[in-house]
Amino acid sequence: MDFVFSRFITKRMDYQFKDIEKKWQQFWAENHTFKADNQSDKPKYYVLDMFPYPSGAGLHVGHPLGYIASDIFARYKRLKGFNVLHPMGYDSFGLPAEQYAIQTGQHPAVTTAANIRRYREQLDNIGFSFDWSREVRTSDPSYYKWTQWIFMQLFNSWYNLETDKAEPVTTLIERFSREGNATVKAVADEDTPIFTAGEWNAYDEHTQQQLLLKYRLTYLKESTVNWCPALGTVLANDEVKDGFSERGGYPVEQKKMMQWSMRITAYAERLLNGLDTIDWPEPLKEMQRNWIGKSVGAMVKFPLAPASLVEESLDNIDKAIERKEQALDNAPDRKLNEQEADLADNSSLSFGEGWDEAIEVFTTRVDTIFGVSFLVIAPEHELVTQLTTPEQKAAIDAYIAQTKKKSELDRMADTKTVSGAFTGSYAINPLSGEKVPVWIADYVLAGYGTGAVMAVPSGDQRDYLFAKHFDLPVIPILDAQKDIDNQADATKEGRYINSGFINGMTYQEAIPALIQKLEELGAGRAKVNYRMRDAIFGRQRYWGEPVPVYFKDGLPHLIEEKDLPLLLPEVDKYLPTETGEPPLGRAVGWKYRPSSEKVLSSGEDLGEAYDYELSTMPGWAGSSWYWYRYMDATNEAAFAGKEAIAYWKDVDLYIGGSEHATGHLLYSRFWNKFLKDLGYVVEEEPFKKLINQGMIQGRSNFVYRVIDAEGKGTNTFVSYGLRSQYQTSAIHVDVNIVENDMLDIEKFRKFRSDFKDAEFILENGKYICGHEVEKMSKSKFNVVNPDDIIERYGADTLRMYEMFLGPLEQSKPWNTNGIEGVFKFLRKFWKLFHDDQFNFSVSDAEPTKAELKSLHKIIQKVQDDVERFSFNTSVSSFMICVNELTDLKCNKRAILEPLTIVLSPYAPHITEELWALLGHEKGTLSYAAYPQFNPDYLVEDEFAYPVSINGKTKMNLNLSLTIDQAEAEKQVLANADVQRYLDGKTPKKVIFVKGRIVNIVV
RNA sequence: GCCUGGGUGGUGGAACUGGUAGACACGCAGGACUUAAAAUCCUGUUCGCCCUAAAGCGAGUGCGGGUUCGAUUCCCGCCCCAGGUACCA
């Protein structure tokens, strides 16, 4: 009885995290402590987290890592006197909810809402200082209304290269009707024809709209998708494994499909240059640069030599080229095709058919053009059918069929296998006049550049392997190329050989000469190319934003703005239709009716009705502008009000995973630039500073089942250290019944019914589990839920422990092994304010020098750490500080009060409680002033110099910090211990670095 | 394949600009308090050699080289792991 009573007392008086945390979370919510104002005298600071996708599995311990870091930063900035905007919301459209809907028939909106409720509860438990009044959900019609609205702005815009920004399509139409399109410098489809003002004005509405679509920033484009005939649907890349669907294992093939695209390539140069103006991790910027992939080179046309000509002498071809050269003189690039066509007609007698066609390649090494020994085009290239000769047809068809099974990633990743097929046709090298065979091979991708490459085996390893494999010539082109018999040499050194008119020139001389020649011939031009492609903006799915477009006479039209939001219709199933249309095709009577007044009282609609676009927007649509919605989350007249945007401007600090480097972060920058061009936002770049947080991986635990002589599993499990003495098989065990790799045997027996009678071979009386780092997943029994940690240790411990785990940017496995240390720290901190009976007891005595030193060390350390996002080192320093103060038995207000403020961003609940106990008004801690650092308290006059001999530390020696090199040398060499280490040898040199080290070289 | 990051004790990590490698924790071992347990506190803990001990010697930051009085840190070459690779978000 006594024992129960004393435990009760201790529990009541000791650090009671559960009561404290609940109390303050409630207080903050009720008092709207963290509501940010859109007007303030304080400077603004916008701290943003990448919002989560609310999955059915709930929040796991990996999610809050970045949120805790940003919350510490946001709280710190409030203490430093900033008006902080720190919002949270949900990226709530996505594939998993839809998958779940397919399986269970539940509407994704219902499951998503439930998941969000769960997320919110879990987030609330951690004590974040979010301004929840600004919450957004991308799947909410009041939000996606504006996603659709932005889509409409993109549709209504074109990119003017003269002003280098997006403009309304109305200005383009005006230009066309006045001067045609020859003078318009715009980003447009490659196949855009040239027309005059007269022609434009004579076109019918349909033709005009067709032509405008080639300029709009969102447009329809034929793209390749993973098509699964068995499932009747398009699959995401991660739903495809080795050419088969992940679900069901059905074959997947590459299929072309008309899809919405975003003309992000128009912004390639600005996206590239903008990187120099923002404070992001250099590797992340590098990834974006590589993704954009700017390369300066040339477009070159290789005219086709029809198969019938192949056996004829090259003389004819030379003559043909000469004539062409004359005819093409000064021809503007755009009109080349037409002129070539004319030429072909005029000279058809001598040249036969096919001269109007050419294979266009992009190359960054136009100087290697004389080394071209074949061309390779993508198997999907439009000229393949035409180029294939009857003898080669079987081989080509077989190769195309084989290619269709491979994904782009497989095609790029596989560099070991050389494969390809000869079309039977040849093209003419426009500079050498030589005919070169045209091959198809899957390493050339249709979507990259022109879908064709000129192969230079002596300069490119991939071409080299191809040439060797198919026995094609390797032509050396530079005298500096080495070892050409064994491998390609991509050098730019030396002088050209076997290279016609550039023989003897250097790289620097050859490039301009070649470009000039190609331009004279009309066979090429200098060109800047980007690896980045226009982004596909459509998914054949249900759970996404409907595209606000309907089709009339086969052409897309925007619905009227007043009809926004275009709501997701109800469907009977979340599957494609029987005819292979996306799920929206199932919506009964879902049509656009521009004039609905013709509906009869019987309900019959006599008005026009048009089909809507049936695909939905991709996952990245809603996340490409959400930070603006937070600025003014409830505005019904705009995506965010002008004043709100003018005040908050941009995100000052953005924290999120580097896995978004080339997706979300590039698309967001693109939409931001577009919105700025139209004058809706004020900053060119949305995220001024960005910090990556690492991934939290799972740490799985294993038990080892003993296998008997017959190879059958027994019911006996052997501890990790003894497993090598037996034949065993490793089995995943729930990490939640394992502590410090020690198995809780009783819980294990209840873990699975077949373990009920399990027996154990123990080491030192314990069962030790094995461990491995893997992805955190349910099936591996390694998911750790933050709620369980909070239940046991509290939110403040969780917050500090997640930071203590290591540097924010580093990926690391979750491991609760060290959490006790953090929990003990908080209890020690609590004890500083209490006497042995846990009565609150703080003295007003003057602090000592040692106490002040301890305090000011931590003031400075935390300030430095937070500003360079090194949160883990702060936690260690807090521990050191509290250990020091405990040793000093310090309970002085003058020390503990500032310390409470310094710790509050990390452990907000315990500090709020102590702040109140110190006599301050409730809730004022969040807006207290960060204590002023005074360096005077840290001044030292002596330093224990490490003395090393030849770089090896031997001893420490106390020296005054004021002495110079000569005096230090004298004192060091005079020291008896130093002399002993020198052992009679004369020092050659003494290195002295003030406040750091003494090194004696002998 | 390509792009980007990482590799330090039994474990998480520290060492900020080339200057004492292993701070701070966890774990483990030993001890104190306790009838006992929990909690708390104290001591030790990179590895190897030597030793009763004290002390000492040597090696050591993925592997192999280099620059330097001095390298976890800078340079060159390799190995392994993680993220991205355009329909996961």
Side-chain angles (χ1 to χ4, degrees), chain A residues 3 7 10 14 50-53 55 91 93-96 223 225-226 234-240 259 281-284 286-287 289-291 293 408-409 411-416 443 447 462 532-536 538-541 618-620 623 657-664 666 692 694-695 697 699 740-742 764 771 773 775 801 804-807 809-813 815-822 824-825 827 864-865 868 870 872-873 875-880 883 944-956 988-991 993 995-1002:
Chain A
F3 132 79
R7 247 182 85 133
T10 313
D14 198 353
M50 287 186 189
F51 59 170
Y53 172 77
S55 83
D91 191 9
F93 271 133
L95 227 47
S223 321
V225 295
N226 300 311
V234 173
L235 296 176
N237 280 340
D238 64 329
E239 294 176 305
V240 183
Q259 299 224 70
E282 200 46 51
L284 194 100
E286 197 58 26
M287 274 194 252
R289 283 190 196 105
N290 291 330
W291 185 266
E408 261 187 27
L409 185 57
R411 286 168 62 172
M412 285 187 291
D414 185 11
T415 49
K416 296 210 168 63
Y443 76 86
R462 187 136 216 187
M532 180 169 69
R533 292 176 260 168
D534 278 344
I536 296 167
R539 301 291 180 264
Q540 324 304 310
R541 302 287 176 170
W620 55 270
S623 60
S658 65
E659 67 270 23
H660 300 284
T662 49
H664 163 62
L666 205 56
N692 281 135
M695 276 229 323
Q697 293 147 322
R699 187 179 186 279
N740 287 326
D741 289 335
M742 199 176 87
N764 302 326
H771 61 90
V773 173
K775 201 176 159 155
Y801 184 61
F804 188 57
L805 224 43
E809 324 80 55
Q810 234 167 65
S811 286
K812 56 229 150 189
N815 181 349
T816 35
N817 283 356
I819 199 163
E820 289 280 346
V822 174
K824 277 187 210 162
F825 156 77
R827 297 180 61 169
D864 286 359
D865 282 353
R868 65 194 172 97
S870 173
N872 56 322
T873 48
V875 179
S876 298
S877 303
F878 278 124
M879 289 175 173
I880 293 170
N883 287 346
Y945 280 90
V947 178
S948 52
I949 293 171
N950 285 343
K952 296 215 158 115
T953 311
K954 296 292 178 188
M955 56 180 289
N956 283 315
K988 262 190 229 154
K989 191 165 149 194
V990 177
I991 313 253
V993 184
R996 289 258 186 224
I997 200 169
V998 178
N999 186 19
I1000 304 167
V1001 188
V1002 292

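Distance from the side chain of A:R539 is smallest to B:C87 among B:C87, B:C26, B:A23. Taking every side-chain heavy atom of A:N226 into account, B:C87 is the closest of B:C87, B:U4, B:A89. Among the nucleotides B:C87, B:U40, B:A89, the one closest to any side-chain atom of A:I536 is B:C87.
Classified by interplanar angle (parallel below 30°, tilted 30° to 60°, perpendicular above 60°), the ring pair A:F804/A:Y801 is tilted.
Distance, A:W291 CH2 to B:G5 P: 17 Å, rounded to whole Å. Following rounding to the nearest Å, A:E809 (CD) and B:G7 (P) show an atom-to-atom distance of 11 Å. For the pair A:R533 CZ and B:A86 P, the computed distance is 7 Å after rounding to whole Å. Separating the CG atom of A:L666 from the P atom of B:C87 is a distance of 13 Å, rounded to the nearest angstrom. Atom P of nucleotide B:C87 and atom CZ of A:F93 are separated by 18 Å, given to the nearest angstrom. When rounded to the nearest whole Å, the span between CE of A:M287 and C1' of B:G84 equals 7 Å. Whole-Å rounding puts the A:N290 CG to B:U4 P distance at 5 Å. Rounded to an integer number of Å, the gap from A:D91 CG to B:A89 C1' is 6 Å.
Of the P atoms belonging to B:U46 and B:A55, the separation is 15 Å, rounded to the nearest Å. Straight-line distance between the C1' atoms of B:U61 and B:U72: roughly 5 Å, to the nearest whole Å. Going from the P atom of B:C42 to that of B:C33 covers 15 Å, rounded to whole Å. A gap of 15 Å separates the C1' atoms of B:U8 and B:A59, to the nearest Å. Across the P atoms, B:C57 and B:U4 are found 46 Å apart, a figure rounded to whole Å. With P as the reference atom, B:C26 and B:U40 are 10 Å apart, rounded to whole Å. Taking the C1' atoms as reference points, B:U73 lies 14 Å from B:A14, given to the whole Å. B:G7 and B:C63 have their P atoms separated by 13 Å, given to the nearest Å.
Taking every heavy atom of both residues into account, A:Q259 and A:I536 meet most closely at NE2-CG2, 3.7 Å. The minimum heavy-atom distance between A:I997 and A:P946, with the atom names listed, is CG1-O, 3.7 Å. Taking every heavy atom of both residues into account, A:G995 and A:Y945 meet most closely at N-OH, 2.7 Å.
For the atom pair OG1 (A:T662) and CG (A:N290), the distance works out to 10.5 Å, reported to the nearest 0.5 Å. Within the model, atoms CD1 of A:I1000 and NZ of A:K954 stand 11.0 Å from one another, a figure rounded to the nearest 0.5 Å. Atoms CE and NE2, on A:M50 and A:H664 in that order, are 5.0 Å from each other to the nearest 0.5 Å.
Residue contacts shown for A:G657 are absent, as no nucleic acid heavy atom lies under 4.0 Å away. Contact annotation for A:K824: backbone-only contact, meaning every heavy-atom pair under 4.0 Å involves sugar-phosphate atoms and none involves a base. A:H660 comes within contact range of at least one nucleobase, with a heavy-atom separation under 4.0 Å. As judged by a 4.0 angstrom heavy-atom cut-off over every strand, A:V225 is placed among the base-contacting residues. Nucleic acid contact for A:Q259: base, since at least one base atom lies under 4.0 Å from a heavy atom of the residue.
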Report summary line: Counting primed atoms, P, OP1 and OP2 as sugar-phosphate and everything else as base, the B/S/- map of nucleotides 10-20 of chain B against protein heavy atoms under 4.0 Å is -SBSSSB--BB
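A:N226 places a side-chain N or O within 3.5 Å of a backbone atom of A:L235 that can act as its donor or acceptor partner. Looking at A:R541, its side chain never comes within 3.5 Å of a backbone N or O of A:G94 through a donor-acceptor pair. Remark: side-chain polar atoms of A:Y53 are not paired, donor with acceptor, to backbone N or O of A:F93 under 3.5 angstrom.
Position along RNA chain B of the nearest nucleotide to A:P618 versus A:M532 favours A:M532 as the more 5'-ward residue. Comparing A:Q540 and A:V1001 by the nucleotide of RNA chain B whose heavy atom lies nearest to each, the residue mapping closer to the 5' end is A:V1001.
By the rule that a glycosidic angle within 90° of 0 means syn, B:G66 does not qualify and counts as anti.
A 6.0 Å sphere centred on CZ of A:R996 holds no more than 12 heavy atoms belonging to other residues, nucleotides or ligands.
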Report summary line: Under the rule of Watson-Crick or G-U wobble with both distances under 3.5 Å, where | means paired to another strand and [ ] a crossing pair, RNA chain B maps to (((((((..(((......[....)))((((((.......))))))((((......))))..(((((..]....))))))))))))....
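At the phosphate of B:A25, OP1 or OP2 sits under 4.0 Å from a side-chain N or O atom of A:N883.
In summary, A:R289 and A:E282 engage in a salt bridge, as defined by a charged side-chain N under 4.0 Å from a carboxylate O.
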